[in-house]
Amino acid sequence: MMQGLIRQCSKFTVTCPNSCGRSIPRDMVSNHTKDECPLTIISCPHAGMGCTSKVRN
């Protein structure tokens with residue numbers, strides 16, 4: 001029963017899905033990967049000018 005609660009708890013600490021080494025609360029994974037994780041792959045800052053490269057955050 002306790003395993004089910006842990007899998008659902010939004011505050012339970014999980015490791016980053018990008019394997020950056022950070023442990024974060026489950027409800028913060030989206031924010032971490034979007035704004036903080038150095039291993040997140042994003043579009044080049046110059047994508048607006050036509051660059052199609054992908055870079056790490």
Mind checking whether Cys44 and Thr52 have side chains closer than 4.5 Å, heavy atoms only?
no
Provide the closest heavy-atom pair for Leu39 versus Cys20 in the form atom of the first, atom of the second, distance.
CD1-CA, 3.5 Å
Can you tell me how far apart CG (Asn57) and NE2 (His32) are? Round to the nearest 0.5 Å.
9.5 Å
Which distance, rounded to the nearest 0.5 Å, do you find between the CE of Met28 and the CD of Glu36?
6.5 Å
Ser43 and Lys54 have their tightest heavy-atom pair at OG-NZ, 3.1 Å
Mind checking the CD1-OG spacing from Ile24 to Ser30? Nearest 0.5 Å is all I need.
10.0 Å
Measuring from atom CZ of Arg22 to atom OG1 of Thr13, what distance do you get when rounded to the nearest 0.5 angstrom?
11.0 Å
Answer yes or no: is there a side-chain heavy-atom contact under 4.5 Å between Asn18 and Thr33?
yes
Within the distance-only criterion (no hydrogens, no angle test), does the side chain of Arg26 pair as donor or acceptor with the backbone N or O of Val14 below 3.5 angstrom?
no
Distance from Asp35 atom CG to Ile42 atom CD1, nearest 0.5 Å?
10.0 Å
Take Thr40 and Arg56 through the test side-chain contact (heavy atoms from CB on, under 4.5 Å) and record every step on the way to the result.
CA-CA 5 Å; Thr40 296; Arg56 287 189 174 166; over 6 Å; no
